[in-house]
Every structure is written in C-alpha cells, then in structure tokens.
Amino acid sequence: PKPPCVPLPPLPRLVREFVAQNNTSQIKHVIQILSQEFALSQHPHSRKGGLIGLAACSIALGKDSGLYLKELIEPVLTCFNDADSRLRYYACEALYNIVKVARGSVLPHFNVLFDGLSKLAADPDPNVKSGSELLDRLLKDIVTESNQFDLVGFIPLLRERIYSNNQYARQFIISWILVLESVPDINLLDYLPEILDGLFQILGDNSKEIRKMCEVALGEFLKEIKKNPSSVKFAEMANILVIHCQAADDVIQLTAMCWMREFIQLAGRVMLPYSSGILTAVLPCLSYDDRKKSILVTQSCSPSIPATAAHREATLLVPVSCPWGAGPGTVLPPSANTHTAPWDVTLNLDGIVQVLDYHLSDTSIGMMTRIAVLKWLYHLYIKTPRKMFRHTDSLFPILLRTLSDESDEVILKDLELLAEIASSPAGQTEEGHGPSDGSDVRPGPVELHVPARAGQLSSSSTKGLECSPSTPTMNSYFYKFMINLLKRFSSERKLLESRGAFIIRQLCLLLNAENIFHSMADILLREEDLKFASTMVHTLNTILLTSSELFQLRNQLKDLKTPESRNLFCCLYRSWCHNPVTTVSLCFLTQNYKHAYDLIQKFGDLEVTVDFLTEVDKLVQLIECPIFTGSGVTVGARMVAGDVTG
C-alpha cells in the first residue's frame with residue numbers, strides 16, 4: 001500500500017520558516033519555482049496562481065522582501081504584457097502587495113516599475129486601469145515620504161516617456177511631474193531643460209483636463225524659477241521657448257511667450273545670443289488679427305538692449321501681454337545669475353539685422369510688426385552705431401521702399417530711422433573708406449565737412465553739396481539719402497503727390513531744414529527730367545511758403561542780411577528757375593521786388609498753358625495769406641495777375 005500523503009504547509013508558513021532559519025537559498029528556490037513554473041507558464045491558470053503565490057511570498061517575507069525584490073518584481077512586470085486582461089489585473093494586484101510590503105526598498109527598482117505603470121495607464125480594460133491607479137498612488141506615497149529617490153537615474157526615462165502621444169500616458173506622466181515638484185528634497189528644476197519641450201507638446205493635447213494639468217505643472221515650474229533664478233539653466237531652455245513661441249496652438253504660443261518674457265527679465269544678458277530667434281518668434285505676433293490679439297501680444301515690440309561692449313549692462317525688452325509677469329513696457333534688467341561671464345556673451349547683431357530685414361521686406365507682414373522692426377533698427381543705430389553702419393548699404397533700399405507704406409505711422413518711424421542714419425557721426429566716411437570702426441560708444445557733436453559739389457543725380461558716387469557754414473553738416477549718407485529720395489519721387493509720382501509734402505515736412509523737423517532744401521535744390525539743378533524738376537520745385541516751394549516747420553527758414557530768407565542767407569537764396573534760385581511762378585514767389589518772399597518785376601515782364605514770352613495759369617492762380621492765393629502780409633507783395637500779386645492775363 002502507498003504511504004499516506006503528508007500535506008504540505010501553506011506557502012506563507014513555509015516562507016516564514018525559511019526566514020526564521022535564515023535559509024536564503026530555499027527562499028530563492030521557492031520564488032524561482034513560482035516565477036518560472038507558474039507566473040511565466042504557458043497556462044493562464046498557472047500564471048494566475050504564480051502571481052498570487054509571489055504576492056503571498058512577499059507578504060510572508062515582510063521586511064526581508066527587499067532582499068528578493070528583483071526576483072519578485074520581474075515576473076510580475078512580465079505579466080503586465082499578458083494578452084488576458086484578467087491576468088494583467090492580477091499582476092497589478094500582486095505588484096501592489098509586493099510594493100506595499102517593501103515600501104522604500106522598491107525605490108532602486110523605480111524605473112522598471114514606472115515603465116510598467118506608464119504602459120498600464122493606457123490599458124483599454126477599465127479594471128486593469130483602476131488597479132494600476134491604485135498601485136500608482138501607492139508608489140507616489142512612497143516616493144513622497146522617502147529621501148532616497150534617484151532623480152538622476154529617472155530623468156532619461158521621463159525624457160523618453162514624455163513624448164508619448166497617448167492621452168492616458170500623458171496624464172500619468174504629468175501627474176508624476178507634479179508629485180516630484182512637490183517633494184522638497186527633489187530638485188526637478190535642475191532637469192527642466194530635459195523635459196520642457198515635452199511639456200509644451202503635452203500642453204497642446206486635445207483633452208482639456210490634460211492641458212489644465214500641464215498648465216499647472218508649467219506654472220509651478222515658473223514660480224520656482226522666479227524664486228530661485230540662480231539655479232536655473234536659462235540658456236539651455238532659450239531655444240526651446242523660441243520654437244514654441246512660433247507654435248500654431250494659441251495656448252502653447254502664449255505660454256511660451258510668457259516664459260520668454262520672464263527669462264529675459266531674470267536672465268538678462270544670458271538671453272542676448274538668442275535675440276534673433278526671439279525676434280523671429282515675437283515680431284509676427286504683433287500683427288495678429290483681433291482674435292489672436294485678445295489672447296496673445298497686444299503691445300509693440302520695443303527693444304531695450306544696449307551696446308555689446310562687455311562692460312555695459314545688457315538688457316532686452318520684449319513687452320508681451322503676460323498674466324504672470326510685469327506689465328508691458330517694463331525694462332528687464334539682467335539678473336546677478338547669468339551662468340555665463342558677461343564678457344562671454346555677445347549680441348549676434350548680424351542675425352538680428354537679418355531677421356529685421358526679412359520682416360521689413362515681407363509685404364504681407366502687418367503694420368505693427370513693421371513699426372516694431374523700425375523701432376528695433378532705430379534703437380540699434382542709437383546703441384551700436386558703428387557696427388550698425390556696416391549694414392546700412394543693405395538696409396538703405398528697403399528703408400526707402402518703406403516710404404511708400406500705406407501707414408503714416410510706419411512712414412514716420414521710417415523717417416526717424418533714415419534721419420538718424422543721415423545725421424549720425426558714425427556714418428561719416430572718408431575717401432575710399434566705409435564708416436569708421438571702433439568703439440560703439442556714440443561720440444559727441446563733431447564738425448563733419450561735406451564736399452563742395454555734387455555729381456549727377458544718377459551717379460552712385462555723389463556725396464557732396466554746397467552747404468552753408470552756419471548750418472549743421474550731415475554725414476556722407478545724408479546726401480545719398482536726398483538723391484535716392486528724389487529718385488523715388490521721380491519714379492513714383494503718386495508717392496510725391498500723396499506723401500511728398502508730408503515726408504519733406506517731417507524731415508525738416510527731424511533734420512536741418514536748410515540742409516534739406518539746400519541739398520535738394522543742388523540735386524535738382526542737375527535733373528535731366530525737366531518736368532519732374534518743375535513739379536518737385538513747385539512742391540518744395542509750397543512747403544517753404546506754407547509749412548509751420550519752415551518758419552525759421554522763411555525768416556532767414558526774408559532778410560538776406562547775412563552771407564549764409566544770401567548763399568541759400570542763390571542755391572534755391574538756380575533750381576527754382578525750373579518753374580517760372582515758383583521763381584517769382586521766391587523773389588517775393590525774399591523781397592527782391594525789382595527782380596520779380598523783371599521776371600514777370602518775361603512771362604509774355606512764355607507759352608501760357610492751363611498748368612501755368614493754375615500755378616499763377618495758386619501764387620495769387622498764397623500772396624494774400626499772412627506770410628506776405630505787410631510786405632508790399634499784394635501789389636506785386638495784382639501786377640502778376642494783370643500782366644499774365646494781359
């Protein structure tokens with residue numbers, strides 16, 4: 001007969017006995033049998049039994065389970081990939097019990113646990129997902145209460161998983177980031193450059209809940225950055241923000257711009273090397289339609305960066321409507337923390353100018369963007385004049401074309417910039433040399449002598465003019481500007497008719513009016529297109545007689561008591577001869593009545609056309625205005641009218 005069967009002791013009791021005996025080899029043997037012959041079996045029921053057995057074994061081991069965690073965890077994690085959803089659920093349950101017993105001892109195995117849970121977070125079975133959430137909460141509690149979490153070892157896995165496109169996986173990852181941010185002993189901010197790009201991508205998720213979670217996470221990071229700017233790696237995140245400032249998603253774009261503003265405010269000069277990228281991202285936003293303006297940028301991009309000399313303060317202002325930062329128009333000073341020595345930071349002026357040139361040349365770009373570009377260029381010419389003049393020859397044509405812009409405000413900013421170029425001492429050249437190089441410190445007033453005579457209007461080498469010794473002289477770009485401005489009026493008559501007077505009057509405010517009239521008269525004297533010369537002289541004459549900006553110049557011409565005023569009159573007179581009526585009016589203004597009378601006598605020899613009579617009529621109307629009141633010219637006006645009609 002067979003001997004009677006002796007019942008085996010229950011598994012937990014057996015494991016406890018081995019623990020009491022300190023029989024490590026038998027414990028490992030039991031775990032191996034449960035793993036290889038059951039948990040990893042081909043039969044579902046055996047796998048289920050193996051999972052239950054491993055959990056029971058862990059409970060029996062108690063605090064000693066930490067010695068066998070690798071052997072206990074690996075087969076359970078393998079079952080996370082089981083095709084049977086019930087087995088995946090039992091695997092969650094088993095791992096929950098193993099982790100609950102081991103507590104902090106599981107942290108060395110955190111990465112494999114996180115990897116497994118991140119997959120279960122997207123499990124289609126609700127029971128499995130529910131089980132994984134319980135396990136996830138337990139693991140978060142353990143990490144929160146422990147000070148032995150290996151953040152360095154975890155970051156590569158987080159960086160990989162953060163690019164998941166699955167909504168549940170994204171939610172799982174963001175929840176862990178929020179937990180890690182909340183633990184005082186874990187400094188996740190040090191590794192923010194590793195995950196910032198992924199966070200911005202998650203911010204574009206279709207799920208409102210996930211977007212909200214991501215906004216909260218980013219908001220917490222930004223608060224931490226403001227509190228501890230000295231530990232922030234601004235430079236490593238700058239390009240990430242530049243990329244997302246150009247995102248098609250409104251929320252991503254707004255958030256990235258708010259971050260960029262804070263970075264500029266906190267990091268100061270550290271952000272200077274990224275200026276061209278920042279401008280590339282921000283400038284187009286200034287011209288968004290009303291819908292986007294309501295949630296994005298509402299202020300013009302006014303720069304506030306200094307010269308690139310190492311000893312100067314380097315600041316940058318990009319006023320963006322931001323709910324977390326200071327209001328628009330705040331000057332953003334550099335922080336004491338830069339992570340880079342000031343002398344190591346340089347402003348990529350070539351890159352900035354290239355970006356500004358591109359946006360100004362793009363005809364589809366909006367008005368606010370063009371204004372911002374012109375403000376930037378003006379600012380750079382003020383702060384880094386000598387370096388900027390290296391770019392003047394390439395910028396000059398587009399600045400002249402911008403005078404045809406539909407917006408008066410754009411034209412005003414363009415004229416301010418052109419006036420700065422034309423009057424800056426840094427733009428003075430000598431024979432055979434470009435703008436002088438050297439320090440970017442703007443020099444004080446310097447007497448800059450201009451050659452005495454001009455060449456032909458069409459000559460690119462022309463750079464001189466007869467200039468009164470009493471007037472401030474301009475640099476070598478001034479005369480070039482005058483030549484090209486007249487060329488533009490000549491080729492674009494509509495511009496002359498609609499904006500000519502406006503442009504010249506503004507230039508008289510920005511520059512010296514006498515220089516402008518002197519140089520234009522000198523250039524027009526050599527103009528081959530006589531009809532244009534006559535039209536241009538008529539325009540200049542009307543401005544001279546009627547504009548408040550020319551009050552001082554009119555008074556100077558009325559007396560002709562000084563050699564300077566007489567020199568100016570002679571210069572104007574030679575060109576004013578392109579138009580008979582304007583010549584007479586100039587004589588009236590300067591009180592040369594006898595000569596005016598002699599000229600009028602010659603009118604009889606001229607062909608009387610409708611245009612001629614129209615100009616005479618306008619002259620008579622001008623003579624009746626206050627400019628000529630009390631000068632005796634009214635009599636001359638009647639004489640002109642009588643002689644012409646006669």
Side-chain angles (χ1 to χ4, degrees), residues 155-156 158-165 170 173-174 177 188-206 210-211 214-215 217-222 225 232-288 292 295-297 301 303 305 316-325 332 339-340 345 347-348 350-359 362 365 369 372-373 376:
I155 288 297
L158 179 60
R159 184 177 60 235
E160 175 191 344
R161 287 286 185 266
I162 203 169
Y163 287 104
S164 172
N165 291 322
R170 284 180 163 183
I173 290 163
I174 293 294
I177 290 174
L188 193 56
L189 188 61
D190 281 348
Y191 303 94
L192 182 57
E194 305 279 345
I195 61 174
L196 185 61
D197 179 61
L199 283 172
F200 271 101
Q201 294 203 26
I202 293 177
L203 191 60
D205 196 274
N206 294 327
I210 294 174
R211 291 175 82 125
C214 193
E215 285 177 7
L218 286 168
E220 290 299 318
F221 274 124
L222 196 57
I225 287 170
V232 179
K233 301 172 182 177
F234 291 104
E236 294 181 27
M237 294 183 279
N239 280 330
I240 296 172
L241 295 182
V242 167
I243 291 170
H244 291 290
C245 279
Q246 302 173 69
D249 184 281
D250 293 341
V251 176
I252 294 177
Q253 189 176 31
L254 172 62
T255 306
M257 286 189 176
C258 292
W259 273 62
M260 184 67 79
R261 179 176 176 82
E262 294 299 333
F263 273 36
I264 294 167
Q265 181 173 5
L266 296 169
R269 62 175 62 87
V270 172
M271 302 299 288
L272 285 178
Y274 308 95
S275 298
S276 58
I278 295 171
L279 289 174
T280 299
V282 174
L283 286 173
C285 303
L286 303 177
S287 294
Y288 278 163
K292 279 208 167 186
I295 60 172
L296 286 175
V297 184
C301 182
I305 61 173
L316 187 64
L317 174 62
V318 181
V320 179
S321 178
C322 178
W324 302 319
L332 308 178
H339 289 288
T340 308
V345 178
L347 183 67
N348 180 13
D350 292 350
I352 291 176
V353 172
Q354 184 178 4
V355 171
L356 297 175
D357 191 330
Y358 170 79
H359 283 89
D362 187 353
I365 228 67
T369 297
V373 169
W376 265 98

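For the numbers below, each heavy atom of this structure counts, side chains included, while hydrogens, waters and symmetry mates do not. FYI, the numbering just counts along the sequence from 1.
One finds the CD atom of Gln246 at 8.5 Å from the CE atom of Met257 (value rounded to the nearest 0.5 Å). Note that OG1 of Thr280 is 9.0 Å distant from OH of Tyr358, once rounded to the nearest 0.5 Å. From Glu160, atom CD reaches atom CD of Glu194 across 13.0 Å, with rounding to the nearest 0.5 Å. For the atom pair CG (Leu196) and CZ (Phe221), the distance works out to 8.5 Å, reported to the nearest 0.5 Å. Atoms CG and CG, from Leu241 and Asn239 in turn, are 9.0 Å apart once rounded to the nearest 0.5 Å. Here the CD1 atom belonging to Ile202 is positioned 5.5 Å from the CZ atom belonging to Arg170, to the nearest 0.5 angstrom.
For the pair Leu158 and Ile195, the minimum side-chain heavy-atom distance is below 4.5 Å. Side-chain contact between Ile225 and Glu262: absent, with no pair of heavy atoms (C-beta onward) separated by less than 4.5 Å. Side-chain contact between Ile162 and Ile177 is present, with at least one heavy-atom pair separated by less than 4.5 Å. Taking 4.5 Å as the limit, every side-chain heavy atom of Thr369 sits out of range of all side-chain heavy atoms of Asp362. Looking at Asn165 and Asp205, their side chains never come closer than 4.5 Å, going by heavy atoms from C-beta outward.
The two atoms that bring Ala372 and Leu286 nearest to each other are CB-CD1, 3.3 Å, heavy atoms only. The shortest heavy-atom contact between Val355 and Ser276 is CG2-O, 3.7 Å. Nearest heavy-atom pair across Pro284 and Leu279 is CD-O, 4.1 Å. Smallest separation of non-hydrogen atoms from Ile264 and Met271: CA-CG, 4.1 Å. The two atoms that bring Pro193 and Ile240 nearest to each other are O-CD1, 3.8 Å, heavy atoms only. Of all the heavy atoms in Cys285 and Ala281, the pair that sits closest is SG-O, 3.4 Å.
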Worksheet item: Under the side-chain contact (heavy atoms from CB on, under 4.5 Å) criterion, do Met260 and Ile278 qualify, and how do the steps go?
Response: CA-CA 8 Å; Met260 184 67 79; Ile278 295 171; 3.7 Å; yes
Discussion item. Applying side-chain contact (heavy atoms from CB on, under 4.5 Å) to Asn348 and Leu272, what does each step give before you reach the verdict?
Written reply: CA-CA 8 Å; Asn348 180 13; Leu272 285 178; over 6 Å; no
Worksheet item: Should Asp357 and Val373 be marked as a side-chain contact (heavy atoms from CB on, under 4.5 Å) after you check the CA-CA gap, both sets of side-chain angles, and the distance that decides it?
Response: CA-CA 8 Å; Asp357 191 330; Val373 169; over 6 Å; no
Discussion item. The test is side-chain hydrogen bond (donor to acceptor under 3.5 Å, both in side chains); show your working for Gln201 and Asp197 and say whether it passes.
Written reply: CA-CA 6 Å; Gln201 294 203 26; Asp197 179 61; 3.3 Å; yes
Discussion item. Could you go through His244 and Leu203, starting from their C-alpha distance and side-chain angles, then the distance that decides it, and tell me whether this counts as side-chain contact (heavy atoms from CB on, under 4.5 Å)?
Written reply: CA-CA 11 Å; His244 291 290; Leu203 191 60; over 6 Å; no
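Between Trp259 and Phe200, the angle of the ring planes goes over 60°, which puts this pair in the perpendicular group of the 30/60° scheme.
Without hydrogens or angle criteria, Arg211 side chain to Asn206 main chain gives no donor-acceptor distance under 3.5 Å. For Gln253 (side chain) and Cys245 (main-chain N/O), a donor-acceptor pair under 3.5 Å exists by modelled atom type.
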